[in-house]
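Working notes, beginning with the structure itself.
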Amino acid sequence: MKLDDHNRTKPDPVPPLLANTGQHQFSAMIKPVGPSCNLDCAYCYYLCKEKLLGLGGATVIPDNILEKHIRDSFRDNDSAEVIFDWQGGEPTLLGLEFFRKVVRLQEQYCPTHKSFLNNLQTNGILLDAEWCHFLRDKRFLVGLSIDGPKTLHDTYRRDKGGAPTFDRVMATVKLLKKTGVEFNTLTVINRLNAKYPLDVYRFLTREVGPRMIQLIPLVEPKGFEQTAPQHWDPATLPVVGSPAARPGSPESIVHDWSVDPDDLGAFLCRVFDEWYQRDIGKHFVNLFESSVAVWAGLPAQICVFSKFCGRAVLLERDGNLYSCDHYVYPEYKLGNILESPLGKMVFSERQAKFGLNKFESLPVQCRQCKVLFACWGECPRNRFIKTQDGEPGLNYFCPAYLRFFSHIDERLKALVKSLRL
């Protein structure tokens, strides 16, 4: 069983305090078309950025910003293999010629002692045979968004006209397989599909068949469109387990499509049981692979479960750089790539403090938790709940992850021992 070959996303996080020790490694996700998309998913966290950021003018990243991003990525990143993450919105709206230009620039600026890879996150609607042959030949790893079987997928993932998208996505799955394109799936665990763990998991493994299954739990607090993480009013934060700390209640502080923490915990435990019993070594699930690594004493493979963060930044189409994909707010703008080198912003004191705050802001309940080593409070953007003692800063998903990591503990200890990791 491999622990790292199957997750070509972000590099293992490095504590920000090491920024000046030569370990200059980072990932810079780029949104070359910004929030523009051909779908209108009910739960999308990014469509609102057009208005929030004032992204007027050109809807496509200008050539000078694109070229500088690619050049700086090779120059400022110590990684032997530089990974470019293309997301949106929907990046395929730019057309195939844009990505042909991307590869030409990468080949032009890549030093002889380095290599590069591209990840393309897409809803898949616009991919055709020509696209797929290019993606295969240029070694793109495609991340395909799909939320489960037809009924579950189509509930939230609809196009601008309100039409369902499942059939079109599945047609793309067949095309990716036929042309030999390497692809992962990204499944958003929401309030609906969380109630059908085995339906979702068995559909992904038996009918879709990606290289890696990525499970992303969904939550957004009401007002997220304008209010940046860590800028909430502490007086409005509910206590864990209260009706306001769960979806579906009139006083809830999260949108109704957010996954309920109890449902998420049950979902992860049930899917893990199925994976552990039948699929170890056959199907790769990002959370489970990362957990095995952590139990073996290795770094987490998912940034949200690392002790520190700050090495995965986001470049918008206007050249502005932000601390993280989920921190694209004016409060977390680091600068503009046309005015400052990419590496200088990534390794700035401000970004170092951002990364250290992930650990330093943990409430007492987290610091005393038995699964702290596996969770590290998950992503700070989700810490808008109070502990039972009334201390702010608890993660919305805390009950889910406490249940899940406790559930898998003994079996992962045995697995690690049997694998001699």
Side-chain angles (χ1 to χ4, degrees), residues 6-9 28-41 44 46-47 58-63 65-67 69-70 73 81-108 110 115-147 150 153-154 157-161 163-188 204 207-214 315 317:
H6 300 274
N7 192 16
R8 240 173 49 192
T9 53
M29 182 187 295
I30 182 170
K31 293 184 180 280
V33 73
S36 300
C37 190
N38 53 343
L39 299 191
D40 191 19
C41 301
C44 183
Y46 212 76
L47 289 176
T59 58
V60 177
I61 186 171
D63 285 348
I65 293 176
L66 176 66
E67 185 169 1
H69 168 66
I70 292 173
S73 294
E81 183 177 70
V82 178
I83 298 176
F84 294 85
D85 290 301
W86 307 93
Q87 297 205 18
E90 176 50 45
T92 61
L93 287 171
L94 290 164
L96 187 49
E97 285 306 314
F98 173 84
F99 285 96
R100 288 194 172 109
K101 176 173 59 179
V102 163
V103 173
R104 288 196 299 269
L105 288 170
Q106 290 170 332
E107 291 171 345
Q108 176 183 342
C110 183
S115 61
F116 64 88
L117 290 168
N118 288 285
N119 295 335
L120 177 69
Q121 185 63 43
T122 177
N123 56 48
I125 302 298
L126 299 178
L127 297 185
D128 57 17
E130 185 179 11
W131 262 103
C132 288
H133 285 113
F134 168 81
L135 295 171
R136 179 198 62 199
D137 295 344
K138 297 303 180 180
R139 300 177 59 230
F140 275 67
L141 172 61
V142 172
L144 186 68
S145 297
I146 186 166
D147 284 355
K150 183 178 179 65
H153 175 91
D154 282 340
R157 299 190 62 82
R158 293 180 171 264
D159 65 19
K160 295 293 187 183
T165 61
F166 177 84
D167 292 339
R168 284 175 279 176
V169 176
M170 286 305 293
T172 297
V173 168
K174 293 179 181 178
L175 188 58
L176 291 171
K177 290 181 176 181
K178 180 179 179 180
T179 53
V181 178
E182 190 175 33
F183 74 99
N184 294 341
T185 52
L186 189 156
T187 299
V188 175
L204 293 172
E207 297 187 43
V208 181
R211 189 192 69 160
M212 165 73 80
I213 295 169
Q214 300 178 75
L315 185 72
R317 71 183 189 219

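Side chains included, hydrogens not; waters and symmetry mates left out as well; all remaining heavy atoms used.
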For Asp63 and Lys101: C-alpha separation, side-chain torsions, deciding distance, then whether side chain to side chain contact (heavy atoms under 4.5 Å, CB included) applies. CA-CA 10 Å; Asp63 285 348; Lys101 176 173 59 179; 2.6 Å; yes
Is the shortest side-chain N to carboxylate O distance from Arg100 to Glu130 below 4.0 Å? yes
Measure from the side-chain N and O atoms of Arg211 to the backbone N and O of Asn184, and report whether any donor-acceptor pair falls under 3.5 Å. no
Under the side chain to side chain donor-acceptor pair (under 3.5 Å) rule, what do Gln121 and Ser145 come out as? Steps first, then yes or no, please. CA-CA 8 Å; Gln121 185 63 43; Ser145 297; 3.0 Å; yes
Would you say [X] and [Y] make side-chain contact, with heavy atoms under 4.5 Å?
{"X": "Met212", "Y": "Phe183", "answer": "no"}
{"X": "Pro91", "Y": "Leu120", "answer": "yes"}
{"X": "Val33", "Y": "Phe98", "answer": "no"}

Heavy-atom closest pair, residues [X] and [Y]:
{"X": "Arg157", "Y": "Cys41", "answer": "NH1-SG, 3.5 Å"}
{"X": "Arg317", "Y": "Ser36", "answer": "NH1-OG, 3.8 Å"}
{"X": "Leu204", "Y": "Thr187", "answer": "CD1-OG1, 3.4 Å"}
{"X": "Leu47", "Y": "Leu39", "answer": "CD1-O, 4.5 Å"}

Verify the distance criterion only: is there a donor paired with an acceptor across the side chains of Gln106 and Asn118 at less than 3.5 Å? yes
Compute whether any side-chain donor of one residue and acceptor of the other, for Glu90 and Asn123, lie under 3.5 angstrom apart. yes
More than 12 heavy atoms of other residues, nucleotides or ligands under 6.0 Å from NZ of Lys178: yes or no? no
Fit a plane to each ring of His69 and Trp86, take the angle between them on a 0 to 90° scale, and name the class: parallel (under 30°), tilted (30 to 60°) or perpendicular (over 60°). perpendicular
Using the rule given for side chain to side chain contact (heavy atoms under 4.5 Å, CB included), can you reason through Leu117 versus Phe140, listing the C-alpha separation, both sets of side-chain angles and the distance that settles it, and then say yes or no? CA-CA 7 Å; Leu117 290 168; Phe140 275 67; over 6 Å; no
Cation-pi check, Lys138 to Phe99: give yes when NZ or CZ is under 6.0 Å from the six-membered ring centre and within 45° of the ring axis, no otherwise. no
Could you measure the distance from the CG atom of Asn119 to the CG atom of Leu141? Nearest 0.5 Å is fine. 5.0 Å
